[in-house]
Amino acid sequence: MDFQLLFSSIQVLLGLIFLMVVVNLYLVFRLKEIDPFAKWNPSLLNGGGFFAFYIIGMVAATVSTIYYYPELTLIVNPASEHGVEIDRMFNNTMIVTILVVVVTNFVLFYYSFRYRTKPGRKALYYPHNNRLEVIWTVVPAIVLTVLVFDGVGVWHDIMSDPPEDAIQIEVNGKQFSWTYRYAGADQEFGESNVTFINEGKGNELGINLDDKRGYDDLVTRELHLPVGVPVNLNIRTRDVLHSATLAHFRVKMDAVSGITTNFHFVPTITTREWRERTGDPEFNFQMSCQQICGGGHWNMGAKVVVETMEEYQDWLSSQQTFLATYQGTNPDFKPDQNMASESEEGTEKIADAGL
Amino acid sequence: MAEATITHGGSTFHDEHHAHEHHEHHGNFWTNYVFSTDHKVIAKQFMITGIIMAIIGIGMSTLFRLQLAFPDTKFAILEFFLGKWAPGGTLDPSFYLALVTMHGTFMVFFVLTAGLSGTFSNFLIPLQIGSRDMASGFMNMLSYWFFFVSSVIMVASLFISTGPASSGWTIYPPLSALPQAVSGSGLGMTMWLVSMTLFIASSLMGGINYITTVLNLRTKGMTMDRLPLTIWAFFLTAIIGVLSFPVLFAAALLLMFDRLLGTSFYLSDIFIQGEVLHYSGGSPILFQHLFWFLGHPEVYIVLLPALGISSEIISVNSRKPIFGYKAMIGSMIGIALLSFIVWAHHMFLSGMNPFLGTVFMLFTLVIAVPSAIKAFNYITTLWKGNIRFTPAMLFAIGLVSFFITGGITGIFLGNAALDIPLHDTYFVTAHFHLVMGSASAFGFFAGIYQWFPKFFGRMMSARLGYIHFWFTFISLYCVFFPMHFIGLGGVARHYYSNTGFAFMEGWTDVQIFITYAAIIGFVGQLFFLYNFFVSIFRGKVASLNPWDSNTLEWTTPLHPGHGNWVGEIPTVHRWPYDYSKPGVKEDFLPQHIPAEEVEYEEGFPRPATTPSKAPTTPLKVEDVGMEAAEGKE
Ligand code: HEM
Ligand SMILES: [Cu+2]
Ligand SMILES: [Cu+2]
């Protein structure tokens, strides 16, 4: 999008408007006798102004909507199954609301213009009309009921319990980056808690070294997802609130200290396919943070890769386990000595967090 | 024209002048202008303080708009204003958040809550219901001074070395609780909380006064179903405020405990800056529930007065009764009630139980119905009217347009499933700036243009008003409408720069456009400021009823003294919206004209006077103001 020219001309235009206003002011306050605006009819000027505003505004809104529509990431090209439903509902709501905005604003501005005062006009004494009022209570109520029921259905599906076979991935927020944890070969996460965090020793997620289920966990900086299967994000934070957001997938959920929240979905398109479709070889999905969290909030991102199941498995097996990384930084760490407890206690609770 | 009909007004004019003169000799500067208990003076104090806070608040937005549009450019002006927070002209990312936070706080609480309600509820309630003053003039004065101190503390927090609060106007913990997380959460946040505590006290004292006054001090004949819609709006606003602000106080108090005493109401399991904090068992979501229990009603606290003001102005200037008076009251009551049970629609994705989301989605979309009714009623009031475009009328019509365009996106956001992509993007910013920010600001402007003659006895320049209106109207649409696109493009709120994410970067062009529009809008406000301050001293002297209005405030003398009316308070004989009544000679019929004195067109049969409706409400709670006014005679 190169708008240089447009913006330069807007600047010039604005400069001119400003000049005009200054001149106008000068006339108002200094030269009342030769005021060229004295004969202007404020009623026509303002009433007409409203109507003109409506026409110009509508044209501008329509043109820019058509122009920008393909780039509206949040409502075109959903990359997840439930995203299709959300976008469908968005479009329905859009049709209804555009209709309302266009018509009511039209009537508002048109009436302002049409019924502007003129000598001899007398207003109609019209204090109420029950029939009309019932109509515009009932019609919006019906339309909203339809939208609500649609919304409740979709919301319920999205927020239902994750399917049994969903791939569990832990999303960890901190100021100002995301870290992911995969359960590893045993399909179970080791217990973790802020009290176990030891950054100097390379245990930034606070994985309990006594819990051997954590040894094969994979701690990564990138989020990799296999296409076409359900994944469940278990979202946590170790400090302030964050919000795990995957714009292309219509995914968003706050990370809340003290609890684990979750969001499950099915990605439907791989990064490669997306690149081919958009012709942008550099493209990557990204996770952003959309809950204000401090100075680096604007930059708290991570790369997200959607790939085929095989690629995903390959990638997983290429990652170092937590134990391997930990021993890398702490060569004297002997896992066996730490096997004090093998109990199932302290199992990471991954459940809908409720309040 | 005005004088011809309002015989009372005309004849009392001179008497009053004496009284007024007298009044000046009584009391001294301090009791008359500073620690005054006269609701009109207090209203002006709120207005001026509100305007100053607005200048600071809007000024801050201009600074951060520069950053958003030109993330890589250095601006000497930023360094000039912000010093160490913008070294070399590049804004510090944490201070960007501080600016946004303070902008939001100033605008929402100090300008559009205290500034708007404080000014117009104070000014119009006694004048329009026919009362000498507020129920408690003293508490009213306290209300202003609490607000004043609260403003001073909030402004002072801008200048401390760790910077002001910077966790958003919603101050969600843990960010707001931990100075380690952002430096603004140190002293800055403490000052924010202290300031808001005083603010809440101010708002409660104001609210209790408004409610009591409306219920008890109406003049003879002023039944509840004859109240102007302005009063209904202020009344309901006050009720909402009195019921919801205390909850914010509770929220703030617990946050204070967490910060200062080490309790764990909102905090749990936190590791920050290399250490584990001792907090455990608290819930950040609890804070959000408490905050939004006020926060959602708050948006209506901001909007309802503006809607009331525009109802009055649209009716007067269309020369028509407001369409569906009862429906307007009904929908305002509906909004007031529903506004208490929709708060968690701000929290669909906060981690609360999704089932709650379903419940709140239902209520939220119900609240759109009374809102729709109001919009339609405004439009029907214009239909077949005789519309006079005073500046106040322009702003009132602009308000309706913002209300529609901004309110409609609530239907998207209120739908929990649609809120998943939209939450915390610029789409939300667009929504609430149009429906709350712009609409309420227009209510404020409309009110000032309409009642300036009553405030100061002089007229503002209409022509400057027109210029101001068009500047503001166009620039606000140019600023906030494109934000829908940015939001749908995926750009998050509260971002210092769009350059952190590839899919957001492309929207910088639009950010530039918005910034230009915002600067122009800001410049446009200079017309208002000039007009306002110059007209106070040099404006054309106003006539007694410059807009040919029906309501009681225009029956007071040009410069009403403390006590408002000289002699008896007028009695009310009809509702306030008899404009262009068939057969009546003038196109307005003030509330205080008895049926026998109404002038009819020639040949129009005078309707048989029905036995006048007996006053139904307890009246005449005479207060200090009354005695003072009489004492002067
Ligand atoms: C038609 C009725 C309305 C509905 C259904 C509605 C719905 C919503 C929803 C669901 C949100 C939360 C969006 C999000 O954060 O994701 C929201 C935000 C907001 N709305 Fe509305 N709204 C309506 C009208 C209004 C009105 C009349 C006002 C103000 C006078 C208003 C002011 C706000 C504000 C200030 C926010 C943003 C709060 C924040 O996060 O900082 N809304 N609205
Ligand atoms: Cu974050
Ligand atoms: Cu709300």
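Just so it is clear: chains get the letters A, B, ... in the order the sequence lines come, proteins before strands, and each one is counted from 1.
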Using non-hydrogen atoms only, which part of [X] is less than 4.5 Å away from chain B: side chain, backbone, both, or neither?
| X | answer |
| --- | --- |
| A:Q291 | both |
| A:A141 | both |
| A:F53 | side chain |
| A:F109 | side chain |
| A:E199 | side chain |
| A:A255 | neither |
| A:M94 | both |
| A:H82 | neither |
| A:I56 | neither |
| A:F263 | side chain |
| A:K174 | neither |
| A:N129 | both |
| A:L147 | both |
| A:S243 | neither |

What's the shortest heavy-atom distance between [X] and [Y], and which atoms?
| X | Y | result |
| --- | --- | --- |
| A:H297 | B:R493 | NE2-O, 3.9 Å |
| A:M300 | B:F501 | O-CZ, 3.6 Å |
| A:S112 | B:F389 | O-CZ, 3.1 Å |

Given heavy-atom pairs under 4.5 angstrom as the criterion, report whether the side chain, backbone, both or neither of [X] touches chain A.
| X | result |
| --- | --- |
| B:F469 | side chain |
| B:I420 | both |
| B:Y579 | backbone |
| B:V359 | neither |
| B:P370 | neither |
| B:Y172 | side chain |
| B:I379 | both |
| B:A327 | both |
| B:Y477 | side chain |
| B:V523 | side chain |
| B:M504 | side chain |

Looking at [options], which has the largest count of heavy-atom pairs under 4.5 Å with chain A?
| options | value |
| --- | --- |
| B:S280, B:G524, B:A416 | B:A416 |
| B:S268, B:A372, B:G168 | B:S268 |
| B:G500, B:S94, B:A492, B:G385 | B:G385 |
| B:I272, B:V182, B:L394, B:L382 | B:L394 |
| B:G274, B:P582, B:S166, B:A98 | B:P582 |
| B:W470, B:F427, B:Y279, B:F471 | B:W470 |

For chain B, the option from [options] that forms the most heavy-atom pairs under 4.5 Å:
| options | answer |
| --- | --- |
| A:H156, A:R250, A:M89 | A:M89 |
| A:I197, A:V251, A:D157 | A:I197 |
| A:K118, A:R116, A:H128, A:K252 | A:K252 |
| A:N299, A:V101, A:I86, A:I75 | A:I86 |
| A:C293, A:A247, A:P140 | A:C293 |
| A:D87, A:T65, A:L108 | A:L108 |

Quick one: do the [X] and [Y] side chains pair a donor with an acceptor below 3.5 Å?
| X | Y | value |
| --- | --- | --- |
| B:D578 | A:Y125 | yes |
| A:W155 | B:N415 | no |
| A:T117 | B:N386 | yes |
| A:W136 | B:N377 | yes |

Do any N or O atoms from the side chain of [X] and from the backbone of [Y] form a donor-acceptor pair under 3.5 angstrom?
| X | Y | value |
| --- | --- | --- |
| A:T73 | B:G489 | yes |
| B:K384 | A:L124 | no |
| A:Q175 | B:A181 | yes |
| A:Q286 | B:A502 | yes |

I'd like to check [X] versus [Y] (side-chain heavy atoms, cut-off strictly below 4.5 Å). Are they in contact?
| X | Y | answer |
| --- | --- | --- |
| B:I270 | A:R238 | no |
| A:L45 | B:Y466 | no |
| B:V366 | A:L144 | no |
| B:H494 | A:W298 | no |
| B:F323 | A:P127 | no |

Checklist line | Option passing side chain to side chain contact (heavy atoms under 4.5 Å, CB included) with A:L241 (candidates B:S167, B:P284, B:S350) | finding: B:P284
